[in-house]
Number of protein chains: 2
Amino acid sequence: MERPTIHDVAREAQVSLATVDRVLNARGGVAAKSIDKVQRAVEKTGYVRDQFAANLSRGRGYRFVFLLPAGQSSFVRSLIAAIGDEAQRVRKDRINVDVRSSKTFDSAAQVAALRRIDPEQTDCAAVMVSDVPEVRSELARLRGAGVRILSLVSDVAAPGRDIYVGPDNEVAGRMAGSFMGRFMRNPIGSVLVIAGSLAARDHAQRLFGFRQVIASEFPGLNVLPVTEGFDDARRVAAIAQQAMADAPLMGVYAIGAGNAGLLSAMKNTNSAFRPVTILHELTDAARKGLRSDLFDLVIDQDPARAVTRAMSIMRDLADGATADAGRGDIPLNIFIKENVQ
Amino acid sequence: MERPTIHDVAREAQVSLATVDRVLNARGGVAAKSIDKVQRAVEKTGYVRDQFAANLSRGRGYRFVFLLPAGQSSFVRSLIAAIGDEAQRVRKDRINVDVRSSKTFDSAAQVAALRRIDPEQTDCAAVMVSDVPEVRSELARLRGAGVRILSLVSDVAAPGRDIYVGPDNEVAGRMAGSFMGRFMRNPIGSVLVIAGSLAARDHAQRLFGFRQVIASEFPGLNVLPVTEGFDDARRVAAIAQQAMADAPLMGVYAIGAGNAGLLSAMKNTNSAFRPVTILHELTDAARKGLRSDLFDLVIDQDPARAVTRAMSIMRDLADGATADAGRGDIPLNIFIKENVQ
DNA sequence: CCGAAAAAGATTGACGTACATCATTTTCGG
DNA sequence: CCGAAAATGATGTACGTCAATCTTTTTCGG
C-alpha cells in the first residue's frame with residue numbers, strides 16, 4: 001500500500017534504475033522492448049512521479065510569467081492583486097511569479113513584451129493580449145521554445161496557446177440578453193449598448209451573444225447602434241446621458257469598463273423610470289450601483305478564480321501534463337443586489 | 001536572488017542550523033532571544049519553508065478524508081466524481097484522499113463514521129454532516145487530536161470546524177427570491193415552496209433568505225406554507241401536482257433535491273400558464289427543465305469548485321497555515337437556459 | 001563559584017528523484 | 001564471428017529539510 005518509487009518500477013520491469021530513468025525522462029537510447037517493460041511496470045505498480053522529490057532534485061522551481069495590459073482598469077488591478085495573493089500562497093511550492101504589463105490594445109507593445117520573455121527562464125506564461133497575427137506568431141515562437149502559454153480572460157486563436165483560461169464571453173452576452181428581457185415588465189422598446197472597443201475579442205463576443213438572444217427571444221426590443229466608450233468613465237457618461245435624453249430607454253447593456261460614468265449618468269437622470277441596466281465586472285462603481293438600485297445585474301468574471309485556476313493549470317503544464325480544453329472554462333458570477341456585499 | 005534556505009537563516013541569525021530547526025518546528029528548548037534572532041533572520045532573508053523538501057524529508061504525504069452522506073443524490077454523486085478527479089490530479093503531490101460515506105440525516109451514523117477516522121492516519125477531514133451537538137462534539141474531539149476539519153457545503157457551528165467551505169445559503173435564498181419576483185410580469189399571487197427537510201441547515205437558511213426578500217421587495221406575493229419533499233422525486237411530484245391543482249401558482253421555489261419530480265409535474269400540467277420556477281443544483285433534471293423552458297433559473301453550488309477549493313485549503317491547513325474565514329466562501333453559479341450546456 | 005539544567009552547536013542519515021559518469025553487456029552489419 | 005555501436009547496468013552526488021544523537025557552552029540558583 002506504500003507509494004511505489006522508481007526502485008519498485010525497476011524491480012518490476014527487471015531493468016536497472018538507469019533505464020527506468022531514461023524512459024521516464026525520455027532521454028532516448030533505450031530499446032523499444034525495454035520502454036515497453038518499463039511502461040507496463042509503471043502501470044502495474046501504479047507509479048506516479050513524486051513531484052516533490054523531482055523538483056527538489058532538479059533544484060528548480062516553477063517560473064511563471066503573467067503578461068497583463070497596463071493601465072488602471074479596475075479589473076486588471078484586482079487581477080494583479082489576486083496574482084499577488086496567490087503567488088504568496090504558493091511560494092512554499094517553489095513557484096515564482098513575475099507580473100509584467102504591456103500597453104493596452106497596443107499589439108506592438110505586446111509583441112515587444114513577449115520578446116522580453118526568456119524561454120530559458122520561463123516555464124509557463126499566462127497572457128492577456130490581443131488576438132492579432134503578429135502577437136499570435138510571437139506566442140507560437142515562445143511555445144516552440146518550450147514555454148507553455150495560457151491565454152487569460154481574452155482568448156487567442158489556437159496555435160498561439162496551450163489553453164484558454166477564462167469565461168465564455170458569448171455565453172456572457174447571451175445571459176445579459178436573457179436577463180435584460182426577463183427583468184422587464186413589458187419588453188418593448190429600445191436598448192442602449194455601450195462597448196469598450198469592438199476590436200477587443202471579448203467585447204465583440206459578448207455583443208454577438210447579446211444580440212442573438214434579444215433577436216430570438218425578445219423581438220419587441222430594439223438594440224440601438226452600438227456605441228464605444230473605450231473603457232473611459234467620462235465618455236461612457238456622455239454616451240449614456242445623450243442616449244437617455246434622445247429617447248426613452250428600456251434597457252442599457254454596458255459591455256466594457258468605465259462604468260463609474262454610467263453610474264453618475266443614472267444618478268443625474270431625474271426621470272421616474274429607470275432602464276434595466278446590466279453590466280460586466282464587479283467594480284466599486286458596479287457595487288454601488290447595485291446597492292442603490294441603479295444597476296440591476298452584474299456579470300462578473302471573478303479575477304481571483306481565474307488566477308487560481310490559471311496557476312493550477314500552469315503547474316500541471318509545467319509538470320508535463322497536457323491541457324484538456326475544458327479545464328480552463330470559468331463560470332461567470334452573477335451579482336444582483338442580494339448577493340453583493 | 002536565490003531562494004534562501006535554513007542555512008542562510010542560520011548564518012544571518014548567527015545561530016546553528018539546529019537552533020533554526022528548533023525554532024521553525026517549535027520543538028522548544030530555545031531561549032527567547034534566539035527565537036527572536038531567528039525570526040528576524042527569517043524576515044530579513046524572506047525565507048519560506050520549501051514544502052517539497054519538507055515533505056520529502058518527513059516521508060509523509062497528505063492524508064485527507066472526505067466524509068459525505070451516502071445515497072444517490074445527484075449532487076453527492078458529482079461531488080464524489082469531482083473528488084476522484086481532483087485526487088487523481090494531486091497524486092503527484094503526495095496527496096492521498098479517502099472518501100467515506102455515512103447515512104444521510106442520521107447523526108448517529110455520522111458520529112460513528114467520525115469515530116472511525118484515525119487521527120494518527122489523517123491530516124485533514126472535510127465533512128458534510130448535520131449541525132447537531134453530538135456531531136459537533138465528535139468533531140471537536142478530532143480537532144483536539146490534531147485533525148483539521150472543514151465543513152463542506154453545509155456548515156457546522158464554530159468550535160466543530162476550522163473553516164467552512166461552501167456557499168452562503170442565506171444569500172442563495174435571497175437571490176432566489178429576487179429573481180422570482182423580477183421574472184414575473186406582475187408579481188402578485190401565490191408561491192409554492194418545496195424544501196427537502198427543514199432540519200437541514202442549508203435548507204432552512206435558504207428559506208429564511210427567500211422569505212426575507214419576498215416580504216420586503218414583493219409584498220404582492222404570498223408564500224404558501226412550506227412543504228417538505230425529503231429530496232424524493234415522487235413526493236416532490238405529488239406536492240407540486242397537488243398545489244397546482246389547488247390554486248393558480250405564480251411561482252415555485254424548490255429548495256432541495258428530487259427535482260426530477262418537479263420536472264414531470266410541470267410537464268403533465270396542461271395549463272397555458274407556467275409558474276416561475278427556481279431551484280437548486282444543476283442536475284440532469286434541472287438541465288432538461290431549463291432547456292425545455294419548464295424551469296427558469298437554477299442556483300448551483302458547483303461541486304467541482306467546492307472540491308478544488310477544499311483540497312487547496314486542506315493542503316494549506318495541513319502545512320500549518322491558519323484558515324482565514326473568507327477563504328472558504330464559494331460563489332453560487334446561476335444557470336438559465338442561455339448558459340446551460 | 002560550583003554544578004545541574006537549559007540552551008546551543010555539530011554532525012549525520014534519510015527521503016525520492018535527477019543527472020552525470022563509467023563499466024559492461026547485447027546487438028548486428030559486414 | 002569480429003568489432004563498433006547501441007543498450008543497459010552500476011554507482012555516486014546533489015537538492016533542502018527533518019529528526020535524532022551527541023557534545024559543548026551558557027545560565028543561574030543556592
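The sequence lines fix the lettering, A, B, ..., with proteins before strands; numbering per chain opens at 1.
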Notebook entry, point to check: Side chains of A:Arg305 and A:Arg309: does their closest heavy-atom pair fall under 4.5 Å?
Noted result: yes

Next item on the list: Return the 5'-most residue of the pair A:Leu56, B:Lys33 with respect to DNA chain D, ranking by each residue's nearest nucleotide.
Entry: A:Leu56

Notebook entry, point to check: Under 4.0 Å between a side-chain N or O of A:Arg49 and OP1 or OP2 of C:dG16?
Noted result: no

Note to self: Side chain of B:Arg27 only, heavy atoms from C-beta on: which candidate in D:dA19, C:dT17, D:dT17 is closest?
What the structure shows: D:dA19

Checklist line | D:dG9 OP1/OP2 closer than 4.0 Å to side-chain N/O of A:Ser16 | finding: yes

Next item on the list: Choose from C:dA14, C:dG9, D:dA7 the nucleotide whose nearest atom is closest to any side-chain atom of B:Ser57.
Entry: C:dA14

Notebook entry, point to check: Tell me: CZ of B:Arg94 to C1' of C:dG16, nearest whole Å?
Noted result: 7 Å

Next item on the list: Have a look at B:Ala54 and say if it touches a base, only the backbone sugar-phosphate, or nothing, with a 4.0 Å heavy-atom cut-off.
Entry: sugar-phosphate

Check: Would you call B:Asp98 and B:Arg100 a salt bridge, taking side-chain N to carboxylate O under 4.0 Å as the test?
Finding: yes

Next item on the list: Would you mind checking if B:Asp50 and A:Lys92 are paired as a salt bridge, meaning a charged N to carboxylate O distance below 4.0 Å?
Entry: no

Note to self: Does D:dG16 have its OP1 or OP2 closer than 4.0 Å to a side-chain nitrogen or oxygen of B:Thr5?
What the structure shows: no

Notebook entry, point to check: Considering only D:dG9, C:dA10, C:dA18, which nucleotide approaches the side chain of B:Ala18 most closely?
Noted result: C:dA10

Next item on the list: Could you check which of D:dT8, C:dC19, C:dT17 has an atom nearest any side-chain atom of A:Arg58?
Entry: C:dC19

Check: Starting at CG of B:Asn55 and ending at P of D:dC18, how long is that distance when rounded to a whole Å?
Finding: 9 Å

Next item on the list: Figure out the CG/P separation between A:Asp319 and C:dA18, and round it to whole Å.
Entry: 11 Å

Next item on the list: Would you mind checking if A:Arg89 and A:Asp85 are paired as a salt bridge, meaning a charged N to carboxylate O distance below 4.0 Å?
Entry: no

Check: When you measure from the side chain of A:Val15, which nucleotide among D:dG16, D:dG9, D:dT21 comes out closest?
Finding: D:dG9

Notebook entry, point to check: What nucleic acid atoms does B:Gln14 come within less than 4.0 Å of, heavy atoms only: base, sugar-phosphate, or nothing?
Noted result: sugar-phosphate

